[in-house]
Chemist: 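Below is the structure I would like to discuss, written out as structure tokens.
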Amino acid sequence: MPEGHTLHRLAATINERFGGRRVRSSSPQGRFVDGAARVDGRVLRQADAWGKHLLVEVDGLAESVHVHLGLWGSMAVLSGGAQPVVGQVRWRVAHDEATADLRGPATCELLAPPGVEALVSRLGPDPLRPDADPTRAWRRLQSSRSPLATLLMDQSVIAGVGNVYRAEVLFRRGIAPTTRARDIDEETWLALWSDLVALMREGVRTGRIDTVRPEHEPDAMGREPRQDDHGGEVYVYRRDGSPCLVCDTPVRRAELAGRNVFWCPVCQQDG
DNA sequence: GCTGTATGCAGAT
DNA sequence: TCTGCCTACAGCG
């Protein structure tokens with residue numbers, strides 16, 4: 001379920017399991033045959049994540065493998081020897097002890113250095129990268145007439161945030177999705193950024209999106225435990241019609257720039 | 001078996 | 001703002 005934390009977690013897993021190892025590389029599904037063949041038999045150097053993009057460097061190959069998971073993509077790492085191919089495996093990387101299977105990516109391609117540079121330079125700061133500069137994103141907010149909620153999904157403004165983190169961080173900061181980006185002051189923005197850094201780091205650590213503070217967890221509130229489709233505990237994402245975990249007001253949903261946005265009309269106010 | 005849906009994004013209109 | 005697309009799975013008949 002790919003937001004930025006998924007890609008950073010994946011990069012770490014690839015480095016741990018495949019970094020410095022000579023790999024076999026193939027495209028069982030057949031749509032990355034030439035690229036996979038260029039990688040085959042080489043040493044995988046390292047993987048790195050920029051927002052929702054994964055770049056894999058290989059010794060002796062100028063190009064990097066560029067992966068974007070899109071809505072449905074996933075990469076599964078399996079331990080042990082030869083694995084059967086299940087479903088549509090676009091790219092398989094393997095050595096004797098592990099196999100990584102990439103399924104359903106929006107992008108899986110070889111990208112030459114100028115392409116890598118162009119890709120990275122069009123992304124906004126990534127809360128999961130230690131050198132990221134949140135002020136660069138704030139300047140973009142200041143020069144826009146769009147709602148903050150829309151810009152949070154714009155990868156050239158801030159890289160790695162998807163629909164779940166967007167909804168949840170706006171809830172946690174008490175900001176309505178209709179709030180104009182230019183009405184956000186820098187202090188408010190930096191607090192939101194810090195919250196994203198903490199939430200997304202936790203997501204990298206656990207592999208799921210959990211945003212509910214301990215005091216609002218169902219047992220602390222005397223409620224029945226909930227089960228969320230996407231595997232984490234959240235305040236508002238896809239909870240429309242259900243009572244807000246803080247104030248019991250029904251959570252609302254609307255479409256904004258073609259994507260669903262979820263919020264509590266009482267806890268979140270226009271800034 | 002079919003339909004709808006999904007944490008995304010690019011390109012056309 | 002709209003369309004198409006990458007794939008798997010739940011829900012339905």
Side-chain angles (χ1 to χ4, degrees), chain A residues 1-10 27-33 35-36 49-55 65-76 78 84-92 100-109 111 115 118-124 126-128 145-147 149-172 177 196 199-212 227-241 251 253-263:
Chain A
M1 313 310 179
E3 297 198 20
H5 69 301
T6 304
L7 281 299
H8 283 263
R9 183 177 170 85
L10 181 55
S27 179
Q29 177 218 36
R31 293 186 53 185
F32 186 52
V33 172
W50 293 85
K52 298 170 188 169
H53 298 261
L54 181 75
L55 293 166
V65 181
H66 169 220
V67 172
H68 192 290
L69 295 177
L71 262 185
W72 313 304
S74 67
M75 197 164 193
L78 309 168
V85 173
V86 177
Q88 301 285 309
V89 177
R90 180 82 58 88
W91 184 33
R92 165 170 283 192
D101 281 345
L102 174 68
R103 292 186 182 82
T107 302
C108 177
E109 62 181 1
L111 198 57
L119 168 68
V120 169
S121 67
R122 72 175 155 79
L123 295 174
D126 176 349
L128 288 171
R145 273 187 291 256
S146 297
T150 300
L151 295 195
L152 282 174
M153 297 278 285
D154 183 335
Q155 301 298 300
S156 71
V157 175
I158 178 169
V161 174
N163 211 1
V164 184
Y165 282 124
R166 163 174 78 166
E168 295 300 303
V169 79
L170 287 175
F171 179 89
R172 285 170 55 103
L196 274 176
L199 289 174
M200 293 177 75
R201 280 187 185 160
E202 179 70 2
V204 174
R205 196 176 69 75
T206 62
R208 38 184 274 171
I209 299 178
D210 292 291
T211 62
V212 179
Q227 191 154 16
D228 288 293
D229 291 348
H230 67 281
E233 291 290 332
V234 294
Y235 282 107
V236 290
Y237 176 71
R238 281 183 49 158
R239 293 195 64 250
D240 46 314
V251 171
R253 176 184 67 84
E255 260 196 30
L256 185 63
R259 302 298 301 277
N260 283 325
V261 62
F262 305 87
W263 79 103

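We name chains A, B, ... by the order of the sequence lines, and we start the count at 1 in each one.
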Chemist: Only one of A:Leu10, A:Leu69, A:Val65, A:Thr107 passes side-chain contact (heavy atoms from CB on, under 4.5 Å) with A:Leu54; say which it is.
Modeler: A:Leu10
Chemist: Specify the separation, in whole Å, of atom CZ of A:Arg166 and atom P of B:dA6.
Modeler: 13 Å
Chemist: With sequence neighbours left out, what residues match A:Arg259 under side-chain hydrogen bond (donor to acceptor under 3.5 Å, both in side chains)?
Modeler: none
Chemist: Rounded to the Å, how far apart are A:His5 NE2 and B:dT7 C1'?
Modeler: 8 Å
Chemist: CG of A:Asp240 versus P of B:dT5: gap in Å, rounded?
Modeler: 13 Å
Chemist: Could you give the distance separating C:dG13 and B:dT5 at their P atoms, to the nearest angstrom?
Modeler: 15 Å
Chemist: Once salt bridge (Lys or Arg N to Asp or Glu O under 4.0 Å) is applied, do any residues pair with A:Arg201, and if so which ones, sequence neighbours excluded?
Modeler: none
Chemist: Do the non-hydrogen side-chain atoms of A:Leu55 and A:Leu119 ever get within less than 4.5 Å of each other?
Modeler: yes
Chemist: Collect all protein-nucleotide pairs involving nucleotides 7-9 of chain C in which both atoms are nitrogen or oxygen and the distance is under 3.5 Å.
Modeler:
{"unit_1": "C:dT7", "atom_1": "OP1", "unit_2": "A:Gln29", "atom_2": "NE2", "d": "2.3"}
{"unit_1": "C:dA8", "atom_1": "OP1", "unit_2": "A:Gln88", "atom_2": "N", "d": "3.3"}

Chemist: Counting just side-chain N and O atoms, does A:Tyr165 come under 4.0 Å of either OP1 or OP2 of B:dT7?
Modeler: no
Chemist: Once the angle between the rings of A:Phe171 and A:Tyr235 is folded into 0 to 90°, is it parallel (under 30°), tilted (30 to 60°) or perpendicular (over 60°)?
Modeler: parallel
Chemist: Can you name the nearest heavy-atom pair linking A:Val33 to A:Ser27, along with the distance?
Modeler: N-CB, 3.6 Å
Chemist: Quick one: A:Asp210 CG to B:dT7 P, roughly how many Å, whole number?
Modeler: 18 Å
Chemist: For A:Glu109, what residues pass the salt bridge (Lys or Arg N to Asp or Glu O under 4.0 Å) criterion, not counting sequence neighbours?
Modeler: none
Chemist: Let me know the distance between CG of A:Asn260 and P of B:dC9, rounded to the nearest Å.
Modeler: 16 Å
Chemist: In this structure, how many angstroms lie between the P atom of C:dG4 and the CG atom of A:Leu71, rounded?
Modeler: 16 Å
Chemist: Show each protein N/O and nucleotides 1-3 of chain B N/O combination with a separation under 3.5 Å, one pair to a line.
Modeler:
none

Chemist: Can you list the residues that meet the ring pair (Phe, Tyr, Trp, His ring centres under 6.0 Å) rule with A:His53, with sequence neighbours excluded?
Modeler: A:His66, A:His68
Chemist: May I have the list of side-chain donor-acceptor pairs in residues 150-162 of chain A shorter than 3.5 Å, sequence neighbours left out?
Modeler:
{"unit_1": "A:Asp154", "atom_1": "OD1", "unit_2": "A:Ser156", "atom_2": "N", "d": "2.9"}
{"unit_1": "A:Asp154", "atom_1": "OD1", "unit_2": "A:Ser156", "atom_2": "OG", "d": "2.7"}
{"unit_1": "A:Gln155", "atom_1": "OE1", "unit_2": "A:Gly160", "atom_2": "N", "d": "2.9"}
{"unit_1": "A:Gln155", "atom_1": "NE2", "unit_2": "A:Met153", "atom_2": "O", "d": "3.4"}
{"unit_1": "A:Gln155", "atom_1": "NE2", "unit_2": "A:Val161", "atom_2": "O", "d": "3.1"}
{"unit_1": "A:Ser156", "atom_1": "OG", "unit_2": "A:Arg140", "atom_2": "NH1", "d": "3.3"}
{"unit_1": "A:Ser156", "atom_1": "OG", "unit_2": "A:Arg140", "atom_2": "NH2", "d": "3.4"}

Chemist: Does A:Arg259 place a side-chain N or O at less than 4.0 Å from the phosphate oxygens OP1/OP2 of B:dT7?
Modeler: yes
Chemist: If the condition is salt bridge (Lys or Arg N to Asp or Glu O under 4.0 Å), which residues does A:Arg172 pass it with, not counting sequence neighbours?
Modeler: A:Asp195
Chemist: So, using ring pair (Phe, Tyr, Trp, His ring centres under 6.0 Å) as the criterion, who are the partners of A:Trp91 when residues are at least two apart?
Modeler: A:Phe32
Chemist: Figure out the CG/P separation between A:Leu7 and B:dT7, and round it to whole Å.
Modeler: 16 Å
Chemist: So do A:Leu256 and A:Arg166 actually touch side chain to side chain, heavy atoms under 4.5 Å?
Modeler: yes
Chemist: Among residues at least two apart in sequence or on other chains, which ones pass salt bridge (Lys or Arg N to Asp or Glu O under 4.0 Å) with A:Arg205?
Modeler: A:Glu202
Chemist: Can you give me the N/O atom pairs linking the protein to nucleotides 1-3 of chain C at distances under 3.5 Å, or say none if there are none?
Modeler:
none

Chemist: Between C:dC5 and B:dT13, how far apart are the P atoms? Round to whole Å, please.
Modeler: 14 Å
Chemist: All N/O contacts under 3.5 Å from nucleotides 10-13 of chain B to the protein, with atom names and distances to one decimal?
Modeler:
{"unit_1": "B:dA10", "atom_1": "OP1", "unit_2": "A:Arg122", "atom_2": "NH1", "d": "3.4"}

Chemist: State, with a plain yes or no, whether a side-chain heavy atom of A:Phe262 is found less than 4.5 Å away from one of A:Asp240.
Modeler: yes
Chemist: Does OP1 or OP2 of B:dC9 have a side-chain N or O of A:Lys52 closer than 4.0 Å?
Modeler: yes
Chemist: Can you see if the side chain of A:His68 gets near the phosphate of B:dC9 - specifically, an N or O under 4.0 Å from OP1 or OP2?
Modeler: yes
Chemist: Could you give the CZ-to-C1' distance, from A:Arg253 to B:dT5, as a whole number of Å?
Modeler: 12 Å
